[in-house]
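See below for the structure under consideration.
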2 protein chains.
Amino acid sequence: MKTSAGTSRRLGTRGQPEESRAAILKAAVAEFAEHGIAGARTDAIAQAAHVNKALLYYYFKDKDALYEAVLDQVFSGLRARVVPVLESKLPPRQKMLEYLGAYFDYIAANPRFPRVVQAEWMQSGTKGSAHMRRVAQEYFRPIFEKLADVLREGMEAGEFRAVNAMDFVPSVVGVIIFYFSAAPLMKTLMKVDPLSVERIRERRAFVLDFISAALFV
Amino acid sequence: MKTSAGTSRRLGTRGQPEESRAAILKAAVAEFAEHGIAGARTDAIAQAAHVNKALLYYYFKDKDALYEAVLDQVFSGLRARVVPVLESKLPPRQKMLEYLGAYFDYIAANPRFPRVVQAEWMQSGTKGSAHMRRVAQEYFRPIFEKLADVLREGMEAGEFRAVNAMDFVPSVVGVIIFYFSAAPLMKTLMKVDPLSVERIRERRAFVLDFISAALFV
DNA sequence: TTCATATAATTAACCAGTTAGTTAGATTGT
DNA sequence: ACAATCTAACTAACTGGTTAATTATATGAA
């Protein structure tokens with residue numbers, strides 16, 4: 001139900017186009033996460049989505065555009081969860097905790113997302129790729145700046161230790177994200193499943209405590 | 001090709017085989033770091049090493065074996081720096097600080113290494129790839145266990161807060177590594193060069209302080 | 001109600017460019 | 001001479017992307 005009022009467009013459609021598109025996107029997230037941008041195979045995506053490969057190119061311009069759509073889905077979801085918290089009127093300490101929790105929960109609910117992002121980090125070495133810059137501008141900059149505000153506020157209130165946002169923010173992201181992208185490796189190293197429900201609950205508590213201890217006075 | 005006049009270092013004739021091998025390996029590190037394992041091009045490696053592509057296959061079985069050699073170089077270097085510290089007789093607090101510093105310095109001196117590793121994380125999604133397990137066994141397990149010992153010791157001495165090694169270790173790695181793999185993105189976001197010498201010095205101080213605050217009582 | 005028509009959705013088959021890996025031989029120090 | 005080192009040229013397989021045809025549905029005139 002997405003035909004909005006106004007000019008009724010003539011839809012001589014069969015099947016559910018939205019379903020196909022969504023299936024493709026979902027399969028693409030998995031494939032890109034698992035093999036990276038260069039390693040992802042369009043045939044594999046089509047097969048996983050139970051769809052002919054040409055349909056990928058019917059809905060998306062090319063592999064790159066499909067990857068871009070994947071990035072948008074991942075980051076718009078993150079933004080939707082996290083920005084409301086940062087724009088709320090909580091005191092800095094609690095706002096930070098809420099932010100950390102929201103971020104963690106989003107990643108925990110979608111453990112393959114970090115890998116999609118890592119694939120993007122990878123994309124081009126020293127200089128940033130084309131849509132890395134776009135993603136940075138559209139998603140990261142606003143979040144980063146709001147987060148820097150919270151830090152400033154907390155430091156002025158004497159509740160936070162003195163930290164540089166340029167140091168603090170990537171550290172937090174690293175702590176949250178790295179655990180999940182390293183999970184397969186950890187699985188081979190320990191007996192415990194790093195992604196079991198209890199483990200994730202423990203991990204969440206640890207992350208909040210760890211960063212609290214590092215940031216709060 | 002560089003069949004130029006003059007005495008430009010012409011590897012390729014029967015000069016130093018070790019030099020050729022080393023040149024290939026160095027070029028491979030850069031290429032794998034920049035494009036990941038699937039994105040790396042053997043032609044590009046050969047060209048960067050000023051060597052015929054067939055020579056890669058003279059020294060290394062195939063692309064995969066070359067990547068394995070790259071992994072070994074990266075991780076044996078890390079181990080060489082870090083294990084002596086962990087086996088020294090320092091008190092836990094100082095041993096931990098030494099370890100963090102050594103780790104950080106190794107990565108800072110080779111900022112592309114994290115990307116090589118990320119490429120490996122990526123390699124296979126849920127289950128670990130063949131040589132990820134090997135790397136884990138050969139390099140990570142011993143380091144991890146020694147580190148867990150330090151933690152236990154420090155906690156028993158009442159110098160460390162109560163932390164689970166399974167939580168603490170990947171968090172530390174994440175903090176150290178992520179900054180470098182995110183550097184290209186940060187460069188587009190801030191005015192400061194995240195890899196300048198002063199910035200790296202600042203970053204080092206931050207990391208030590210950040211983790212100290214999070215771990216020490 | 002019926003039926004031709006337009007068009008969205010979907011596919012099988014194909015193609016051109018790329019890439020890992022090979023082969024057959026050349027070069028060089030000893 | 002001869003083996004270690006190195007290369008130009010080649011190939012088999014793969015992969016992103018295209019094309020031409022096909023199916024299903026809505027629309028509207030008769």
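Protein chains get the first letters and strands the later ones, always in sequence-line order, with residue 1 at the start of each.
Checking the phosphate oxygens (OP1, OP2) of C:dT18, no side-chain nitrogen or oxygen of B:Arg41 falls inside 4.0 Å. Contact annotation: A:Tyr59 side-chain N/O to C:dT10 OP1/OP2 distance is under 4.0 Å.
Contacts between residues 42-53 of chain A and DNA chain C, defined by a heavy-atom separation below 4.0 Å, involve A:Val51, A:Asn52, listed by number.
Each of B:Arg21 and A:Lys61 lies near DNA chain D, and the nucleotide nearest B:Arg21 is the one positioned closer to the 5' end. Both B:Lys63 and A:Ala54 lie close to DNA chain C; mapped to their nearest nucleotides by heavy-atom distance, the more 5′-ward contact belongs to A:Ala54. Mapping B:Tyr58 and A:Asp62 onto DNA chain D by nearest heavy atom places B:Tyr58 at the nucleotide closer to the 5' end.
Under a cut-off of 6.0 angstrom, the local environment of CZ in B:Arg112 is sparse, with at most 12 non-hydrogen atoms contributed by other residues, nucleotides or ligands.
The shortest distance between side-chain heavy atoms of B:Asp193 and B:Met186 does not fall below 4.5 Å. For the pair B:Tyr139/B:Arg134, a side-chain contact is recorded, criterion being any heavy-atom separation below 4.5 Å from C-beta on.
Going from atom CG of B:Leu55 over to atom C1' of C:dA26 covers 14 Å, rounded to whole Å. Atoms CG (B:Leu56) and C1' (C:dT22) sit 13 Å apart, rounded to a whole Å. Rounded to an integer number of Å, the gap from B:His35 NE2 to C:dA20 C1' is 16 Å. Spacing between atom CD1 of B:Ile24 and atom P of D:dT5 amounts to 12 Å, rounded to whole angstrom units.
Applying the side-chain hydrogen bond (donor to acceptor under 3.5 Å, both in side chains) test to B:Glu145 and every residue at least two apart in sequence or in another chain returns nothing.
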